[in-house]
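Keep in mind the model is a prediction, meaning the values are calculated, not measured.
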Amino acid sequence: MASAGDLPPEEGVQQEPSEDSEKTVVSETEGVFRYFMYQRFQDEAERGDTEVQFTEARSDALEELRSCNDTSRQHIATIGRRLGEVGDEIDAKYRDQFHDMIESLHLTPGTAYDTFAAVARRLFRSGISWGRIIALLCFGYEIAITVIRRGFSGSFLRRIIRFVVDFIFRERIARWIAEHGGWVAVMS
């Protein structure tokens with residue numbers, strides 16, 4: 001006879017994530033966001049949509065962005081690419097709003113995280129969803145591209161990546177992702 005612990009979870013019932021699954025989400029987030037950015041950047045470059053000029057002043061930031069294509073973690077790369085494809089749709093719809101928000105932020109290295117987090121929190125005022133998470137990644141990407149356009153260094157680009165990871169952890173979005181099947185769940 002099966003015990004209650006042996007029964008499969010009910011359909012549609014969220015399971016309490018283990019601490020390990022939440023840690024896994026956090027550890028995978030940087031790779032997912034890096035691949036997301038790389039995919040978006042490549043897609044824009046192929047379409048000629050990106051205004052980023054390949055100047056020497058921006059070369060270290062662009063190299064940092066290109067380095068996001070390390071395919072050693074194939075499942076993370078696949079997730080990041082898929083999110084990048086979905087992100088194209090979201091970005092097409094909200095690009096002007098993202099640009100307006102970013103222009104009003106007056107990003108500096110000293111104020112960047114607090115400014116980013118204040119805007120990002122608005123995305124999640126009415127709850128967490130996959131669509132809002134992808135919108136957060138789009139917003140992070142648009143900030144990264146703005147950073148490259150303004151000639152900030154690759155180290156600042158790495159800080160933007162860290163902002164997204166930290167925000168997902170601090171705002172308990174990683175817990176929600178873990179409760180909903182982890183990053184891999186976005187593939188279905």
Checklist entry - Are Val86 and Ile133 co-members of a hydrophobic cluster defined by side-chain heavy atoms under 4.5 Å apart? => result yes

Checklist entry - Would you say the side-chain atoms of Arg132 pair up with the backbone N or O of Gly127, donor to acceptor, closer than 3.5 Å? => result yes

Checklist entry - Under 4.5 Å between side-chain heavy atoms, hopping through other hydrophobics if needed: is there a path connecting Ile76 to Val26? => result no

Checklist entry - If you count the non-hydrogen atoms of other residues, nucleotides and ligands that lie under 6.0 Å from CZ in Phe124, is the total more than 12? => result yes

Checklist entry - Glu89: what forms a salt bridge (charged side-chain N to carboxylate O under 4.0 Å, His left out) with it, not counting sequence neighbours? => result none

Checklist entry - How close do Ser21 and Ala178 get, heavy atom to heavy atom, and via which atoms? => result OG-CB, 3.8 Å

Next on the checklist: Trp183 vs Thr24, test: side-chain hydrogen bond (donor to acceptor under 3.5 Å, both in side chains). Steps then yes/no.
Outcome noted: CA-CA 9 Å; Trp183 282 112; Thr24 299; over 6 Å; no

Item to check | Shortest non-hydrogen contact between Ile160 and Gly140, atoms and distance | outcome: CG2-O, 3.7 Å

Checklist entry - Does the side chain of Trp130 reach to within under 4.5 Å of the side chain of Ile177, using non-hydrogen atoms? => result yes

Item to check | Minimum side-chain heavy-atom gap Ile128-His180 below 4.5 Å | outcome: no

Next on the checklist: Restricting to salt bridge (charged side-chain N to carboxylate O under 4.0 Å, His left out), what partner residues turn up for Glu30, sequence neighbours left out?
Outcome noted: Arg34, Arg162

Next on the checklist: So, taking the atom named CD1 in Ile143 and the one named CD1 in Ile161, what distance separates them when rounded to the nearest 0.5 Å?
Outcome noted: 12.5 Å

Next on the checklist: For residues Ile79 and Phe169: do they belong to one hydrophobic cluster (side chain heavy atoms under 4.5 Å, members Ile, Leu, Val, Met, Phe, Trp, Tyr)?
Outcome noted: no

Checklist entry - Any side-chain heavy-atom pair from Arg81 and Thr78 closer than 4.5 angstrom? => result yes

Item to check | Under the ring pair (Phe, Tyr, Trp, His ring centres under 6.0 Å) test, residues paired with Phe116 that sit two or more places apart | outcome: Phe139, Phe167

Item to check | Met37 to Tyr141 - nearest heavy-atom pair and separation | outcome: O-CE1, 3.5 Å

Next on the checklist: With heavy-atom distances below 4.5 Å as the criterion, would you say the side chains of Phe33 and Ile168 are in contact?
Outcome noted: no

Checklist outcome for this item: The reported gap from CE in Met187 to NE2 in His75 (rounded to nearest 0.5 angstrom) is 11.0 Å

Checklist entry - Mind checking whether Leu137 and Val164 have side chains closer than 4.5 Å, heavy atoms only? => result yes

Checklist entry - Which atom names give the shortest non-hydrogen contact between Glu22 and Arg175, and what distance separates them? => result OE1-NH1, 3.0 Å

Checklist outcome for this item: Looking only at heavy atoms, the pair that brings Ala120 and Leu136 closest together is CB-CD1, 3.6 Å

Next on the checklist: With a 4.5 Å cut-off on side-chain heavy-atom distances among I, L, V, M, F, W and Y, is there a chain of contacts connecting Val119 to Ile145?
Outcome noted: yes

Checklist entry - Transitively linked via ILVMFWY side-chain contacts under 4.5 Å: Ile173 with Val165? => result no

